[in-house]
Amino acid sequence: MKNIKFKLVHFIIALLIVVGSVTGISLYSYYKHDMKKVDFVNDYFHVEDYESVDALDQIESYQKMKAQNYAVIKEGLSFYDVKSKKEYNATPSEHNKNQINGATWDNGILHIPGWFDLTVYAETTYNTDAEEWVFTYYLYLFNVNYKTADIVDKLYFMFVDGTGESGETELYGVTKLDLMIQEVKDAEYGGPNGTNLPQFSYTGTQASSNPLYIYDNGATGNGVSDDETPYIYRLTSMTEALSYTSDLDDDIEEARWFYELESCTFSIFHSGSNNLTNAIQNGTTDELEEIVRGTYTNPYKDAEDFNSKVGDGVVLQGYNNDLYKAGFGKFVFWDIFLEAAITFVISGILAVLYYLIWQDDEEITTTKAPKKLKPKKNKK
């Protein structure tokens, strides 16, 4: 048996076959395999096991995925009963003058019996087109009691500047909010902030995910069945309400965003059997019902100020839609490891065969030619 000689060039080529194959497959699976990313976002948003995940945890996961930075708002925020003006706290409210009994506000969660639970988030995102930061507040509704099949579509959020009483030259706080609510009831105003359905979709070059939502596992009431779980909605904090009937607002030309106000007074209300637009058109705004009021004192000047607070234990860093930051690598590690191992074995066999074939590349084997026989001389 012929000895195998070491040939550096062919060894390096064989090694490159193995290393290149394993590296190429691994990098493709990690960066370019869209189906793996679709599987990851389905897992991240608990498409298959949502019933085992608390709604608050799902809201947190969604918020962390979408935002550059985010925070649960607890400080500076208060809620109180619409009728008695009694402020809610960790002790369930019980008062014969209350509109809603049993309500609590504790550790960032507002619980309104018979209606919903609510938590408030602030977030910053970066608008690449406008090249500027966007600072937004959202009020998430969960554990909704669906007295009607579309209760969340009939919920509205309205806020005005200030938490005190009006001065001589401008509307302010509670007085202004009362006027705003009355204008809605009189069908003179139809622009409060409504609800939307937060969702996430992954779009790659070869595959895309379906829209993914936050599941409201604690929803109850009409329209909630075992085979259909409602999703979590949120009230948007778009812009403040301006009066259409008072000349005390003339000095304000444009409504301001929620984060632009140092303090505000707000209301969450339900439009009744119709959504607000239809209620105003049909003259049925007498069904409008305020559920809760509240105030908020904003500790953040702007998006940059909010971002500067990251790491203070309140403002947290998000993933900003980056699947790699969200844990994609950990999710696909064993898949990629198995693919790399299979590729290593196959490419290794091919590399060895290549190396053996080229063992005799430079050794030209020649066979000796047979000796020519001299012709015999004829004897004379």
Side-chain angles (χ1 to χ4, degrees), residues 79-83 99-100 103 110 112-121 136-162 171 173-199 213-214 216 219 221-224 230-246 249 252 254-258 261 264-296:
F79 294 90
Y80 58 89
D81 188 81
V82 173
K83 185 178 179 181
Q99 178 170 300
I100 297 177
L110 172 69
I112 302 293
W115 286 96
F116 50 76
D117 291 344
L118 178 147
T119 187
V120 182
Y121 273 84
T136 313
Y137 283 84
Y138 290 110
L139 292 75
Y140 287 92
L141 305 167
F142 60 104
N143 295 339
V144 175
N145 182 8
Y146 283 79
K147 296 179 179 179
T148 57
D150 56 352
I151 183 176
V152 288
D153 294 329
K154 299 169 185 175
L155 288 172
Y156 296 88
F157 175 70
M158 178 185 289
F159 63 93
V160 299
D161 185 24
L171 287 170
V174 176
T175 305
K176 185 175 182 178
L177 184 61
D178 286 337
L179 179 61
M180 301 297 103
I181 293 295
Q182 189 57 49
E183 286 186 2
V184 173
K185 291 182 178 180
D186 294 340
E188 296 173 344
Y189 183 79
N193 304 297
T195 59
N196 63 29
L197 186 63
Q199 60 177 278
Y213 306 98
I214 315 172
D216 188 4
N222 297 335
V224 179
Y231 300 121
I232 288 174
Y233 283 74
R234 63 187 181 189
L235 289 159
T236 55
S237 59
M238 303 275 300
T239 52
E240 66 179 312
L242 298 180
S243 173
Y244 286 4
T245 59
S246 174
D249 255 346
I252 302 176
E254 294 183 357
R256 291 161 293 187
W257 294 90
F258 194 84
L261 301 178
C264 66
T265 303
F266 59 84
S267 172
I268 299 173
F269 59 90
H270 187 249
S271 62
S273 58
N274 293 306
N275 63 44
L276 191 59
T277 301
N278 293 336
I280 290 174
Q281 291 175 349
N282 299 333
T284 57
T285 54
D286 57 321
E287 295 182 359
L288 186 149
E289 180 181 4
E290 279 196 86
I291 301 170
V292 65
R293 285 195 177 189
T295 61
Y296 179 55

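Bear in mind the structure is a predicted one, so any value in this text is a computation, not a measurement. Heavy atoms only: backbone and side chains are in, while hydrogens, waters and symmetry mates are out.
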Verdict with reasoning, F142 to Y140, per ring-ring contact (aromatic ring centres under 6.0 Å, His included):
CA-CA 7 Å; F142 60 104; Y140 287 92; 8.8 Å; no

Do [X] and [Y] have side-chain heavy atoms sitting under 4.5 Å apart?
{"X": "V292", "Y": "I100", "answer": "no"}
{"X": "V160", "Y": "L179", "answer": "no"}
{"X": "R234", "Y": "I214", "answer": "no"}
{"X": "L276", "Y": "P192", "answer": "yes"}
{"X": "F269", "Y": "K185", "answer": "no"}
{"X": "R256", "Y": "L242", "answer": "no"}

By side-chain hydrogen bond (donor to acceptor under 3.5 Å, both in side chains) - contacts of Y296 (at least two apart)
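Y296 satisfies side-chain hydrogen bond (donor to acceptor under 3.5 Å, both in side chains) with Y137 only.
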
Where is the tightest heavy-atom contact between [X] and [Y], given as atom of each residue plus distance?
{"X": "E290", "Y": "Q99", "answer": "O-NE2, 2.5 Å"}
{"X": "A103", "Y": "I112", "answer": "CB-CD1, 3.9 Å"}
{"X": "L141", "Y": "I232", "answer": "O-CG2, 3.1 Å"}
{"X": "I151", "Y": "N145", "answer": "CD1-O, 3.5 Å"}
{"X": "A255", "Y": "E240", "answer": "CB-O, 3.3 Å"}

Hey, what's the ring geometry for F157 with F258, parallel, tilted or perpendicular (30° and 60° as the breaks)?
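F157 vs F258 ring planes: tilted.
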
So how far is it from [X] [atom1] to [Y] [atom2], rounded to the nearest 0.5 Å?
{"X": "L155", "Y": "L139", "atom1": "CG", "atom2": "CG", "value": "11.0 Å"}
{"X": "S271", "Y": "Y156", "atom1": "OG", "atom2": "OH", "value": "4.5 Å"}
{"X": "H270", "Y": "I291", "atom1": "NE2", "atom2": "CD1", "value": "6.5 Å"}
{"X": "L177", "Y": "Q182", "atom1": "CG", "atom2": "CD", "value": "11.5 Å"}
{"X": "D161", "Y": "L261", "atom1": "CG", "atom2": "CG", "value": "5.0 Å"}

Partners meeting salt bridge (Lys or Arg N to Asp or Glu O under 4.0 Å) with D178 (sequence neighbours left out):
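Salt bridge (Lys or Arg N to Asp or Glu O under 4.0 Å) list for D178, sorted by chain: R293.
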
Step-by-step ring-ring contact (aromatic ring centres under 6.0 Å, His included) determination, F116 to Y146
CA-CA 9 Å; F116 50 76; Y146 283 79; over 10 Å; no

Are Y213 and Y233 an aromatic pair, judged by ring center distance below 6.0 Å?
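No, the ring centres sit 6.0 Å or more apart.
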
Do the side chain of T295 and the main chain of T265 share a donor and acceptor less than 3.5 angstrom apart?
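Pair absent, no side-chain N/O of T295 close to backbone of T265.
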
Electrostatic pair E287:K154 at N-O distance under 4.0 angstrom:
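Not counted as a salt bridge, because no side-chain N and carboxylate O are separated by less than 4.0 Å.
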
Show, in sequence, the C-alpha distance, side-chain angles and deciding distance for D153 and T195, and conclude whether the side chain to side chain contact (heavy atoms under 4.5 Å, CB included) test is met.
CA-CA 6 Å; D153 294 329; T195 59; 4.2 Å; yes

Worked verdict on L118 versus F79 for side chain to side chain contact (heavy atoms under 4.5 Å, CB included):
CA-CA 11 Å; L118 178 147; F79 294 90; 3.9 Å; yes

Take D216 and N143 through the test side chain to side chain contact (heavy atoms under 4.5 Å, CB included) and record every step on the way to the result.
CA-CA 6 Å; D216 188 4; N143 295 339; 4.0 Å; yes

Side chain to side chain contact (heavy atoms under 4.5 Å, CB included) assessment of N193 paired with L235
CA-CA 7 Å; N193 304 297; L235 289 159; over 6 Å; no

